[in-house]
S.K.: 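Before I ask anything, here is the structure I am working with.
Order of appearance sets the numbers: ligands from 1, and atoms from 1 within every ligand. Predicted model, so just to flag it, every value in this text is computed and none were measured. Keep in mind that the numbers below use all heavy atoms, side chains included, and drop hydrogens, waters and symmetry copies.
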Amino acid sequence: MALIDLVAGARPNFMKLAPVQRALAGVVGIESRIVHTGQHYDAGMNDVFFSELGIPTPEVHLDVGSGSHGAQTARILERYEAHLLKSRPAAVVVFGDVNSTVACSLAAVKLGVPVVHVEAGLRSFDRTMPEEINRILTDSIADLLLVSEASGVENLRREGVSEDRVRLVGNVMIDTLVTELAHADNGVLARLDVGEGKYGLVTMHRPSNVDDPEVLTRMIDTLFELSEKLPLVFPMHPRTLNAVESAGLDADLAERKSLQCLPPCTYGENLALMKSAKVVLTDSGGIQEETTYLRVPCLTLRENTERPVTTTIGTSRLVGNDPTRIRAAFEEVIRGEWPEGSEVPLWDGRAAERVAEAIAGWLGASDVGL
Ligand code: UD1
């Protein structure tokens, strides 16, 4: 029996881990164990997704909590290494691009434990983003690179990664979306008093949009202005809430009825809010992909994206954090002049099956064996 660690730490990891954990449970000869680093710890950022998505309780909890990048990454590295020394798996599967991804990969490879990276190869080519550094480092030390869109394969090829380490498997986050569509919590629209197709959804938490009070104030002012044309709903990440409070914007926000700020949503609420929105404004990576799948117009509040397929054949456009560009794109959506988008190859709800097959095949062919 080959024991495999599945590592999760932050909110976007949980939706990716859920289908992979289920698919691996069906593979004879593989036993998986969930390791939670504790990077995200608030119930609303964490526990709620485990219960909603049916993810088993993690066997291992590293309880690292928040901190500066160096402190958080170092804590994960140290604690995961200690765990590996006590109980060594045959391989480690990491997801996405968060600090937990890179720290656990590094702990594992240093001990000779092979690493599988799910969502490998994505590149924004923007090294000011912590996630870009995490992606580059993780891919350079991972043994098996499982890619969600064709651009990722090209990026890895350009970086000289040998083809036998790379597989294009599709998008496991879309697997979760497909499974959960039937359970979307549509009641949230009535609770927020918004009608189907008659509101916009906003999410924003990137350092580039929220850490500088001047930029944050400009963004909030722009949202106020847009919300007078179309009511906006804004579930707020804790990083953003902290920034809003420190910039002294919270009192003003509480008064504006057209821009409703809420605590982080459950998966089912967020899904309902995305699929019924007229438009989504976001700086999230996952939401760019989910709106493309759902064919909902998406204004991506960034200057670049590591998920270019969402802008070439999907429904997303990069608008940065410039009010003029945001306003112009928003007006186009309101006028109904937005591309409808089309299906992305392999975003079909079956990516986790291909992940499991790839891992089983690779373990079978490697020294680890199955
Ligand atoms: C992390 C990821 C980012 C991802 C995001 C999704 C990295 C480098 N960044 O960013 O790629 O898009 O998760 O949510 O890994 N906090 C809480 N409660 C929590 C978690 C965080 O209050 O449960 C607050 C703390 O003040 C913390 C801050 O949010 O310092 C930032 O958390 P952190 O995990 O460092 O980064 P995120 O901004 O969440």
S.K.: Do Y267 and Y293 belong together in a cluster built from hydrophobic side chains that touch within less than 4.5 Å?
M.R.: yes
S.K.: Looking only at the aromatic ring of each residue, does the gap between the centers of H36 and F14 stay below 6.0 angstrom?
M.R.: yes
S.K.: Please could you name the atoms of ligand 1 that H69 approaches to less than 4.0 Å, counting only its heavy atoms?
M.R.: 8 (C)
S.K.: Determine yes or no for a side-chain-to-main-chain donor-acceptor pair under 3.5 angstrom, with W347 supplying the side chain and S148 the backbone.
M.R.: yes
S.K.: May I ask you to identify the nearest protein heavy atom to atom 28 (C) of ligand 1, giving residue, atom name and distance to one decimal place in Å?
M.R.: R239 CB, 4.1 Å
S.K.: Would a single hydrophobic cluster contain both L6 and V355, if residues Ile, Leu, Val, Met, Phe, Trp and Tyr are joined by side-chain heavy-atom contacts under 4.5 Å?
M.R.: yes
S.K.: Using a plain distance cutoff, I'd like to know if H40 has any nitrogen or oxygen under 3.5 Å from a nitrogen or oxygen of ligand 1.
M.R.: yes
S.K.: Just to confirm my output: which protein heavy-atom neighbour is closest to atom 8 (C) of ligand 1, and how far is it?
M.R.: N99 OD1, 3.2 Å
S.K.: Quick test: of every protein heavy atom, which one is nearest to atom 11 (O) of ligand 1, and how far off is it to 0.1 Å?
M.R.: E131 OE2, 2.5 Å
S.K.: If you look at every heavy atom in S316 and T292, which pair is closest and at what distance?
M.R.: N-OG1, 4.3 Å
S.K.: Indicate if L106 and V93 have the same hydrophobic cluster label, given that clusters are the connected sets of ILVMFWY residues with side-chain heavy-atom separations under 4.5 angstrom.
M.R.: no
S.K.: What residue and atom, counting heavy atoms only, is the protein's closest point to atom 18 (N) of ligand 1, and at what distance?
M.R.: D42 OD2, 2.9 Å
S.K.: Distance to 0.1 Å, residue and atom name: give those for the protein heavy atom nearest to atom 27 (C) of ligand 1.
M.R.: S66 OG, 3.2 Å
S.K.: Checking N155 side chain against S151 main chain: does a donor-acceptor pair fall under 3.5 Å?
M.R.: yes
S.K.: Run down the list Q72, Q39, H205 and name the one with the heavy atom closest to atom 4 (C) of ligand 1.
M.R.: H205
S.K.: Going by the order shown, which atoms of ligand 1 are within less than 4.0 Å of some heavy atom of P238?
M.R.: 16 (N), 17 (C), 18 (N), 22 (O), 24 (C)
S.K.: Provide, to 0.1 Å, the distance between atom 16 (N) of ligand 1 and the closest protein heavy atom, together with that atom's residue and name.
M.R.: Y41 OH, 3.5 Å
S.K.: Looking at ligand 1, does any of its N/O atoms fall within less than 3.5 Å of an N/O of N134?
M.R.: no
S.K.: Name the closest protein heavy atom to atom 2 (C) of ligand 1, giving the residue it belongs to and the distance to 0.1 Å.
M.R.: V98 CG1, 3.7 Å
S.K.: Which protein non-hydrogen atom lies closest to atom 26 (O) of ligand 1, naming both residue and atom, and how far is it?
M.R.: N242 ND2, 3.1 Å
S.K.: Could you state whether L122 and V94 fall into the same hydrophobic cluster, counting links through intermediate Ile, Leu, Val, Met, Phe, Trp or Tyr residues with side-chain heavy atoms under 4.5 angstrom apart?
M.R.: no
S.K.: Check each heavy atom of P12 against ligand 1 and say whether those closer than 4.0 Å belong to the side chain, the backbone, both or neither.
M.R.: side chain
S.K.: May I ask you to decide if G268's main-chain N or O and E52's side chain share a donor-acceptor pair within less than 3.5 Å?
M.R.: yes
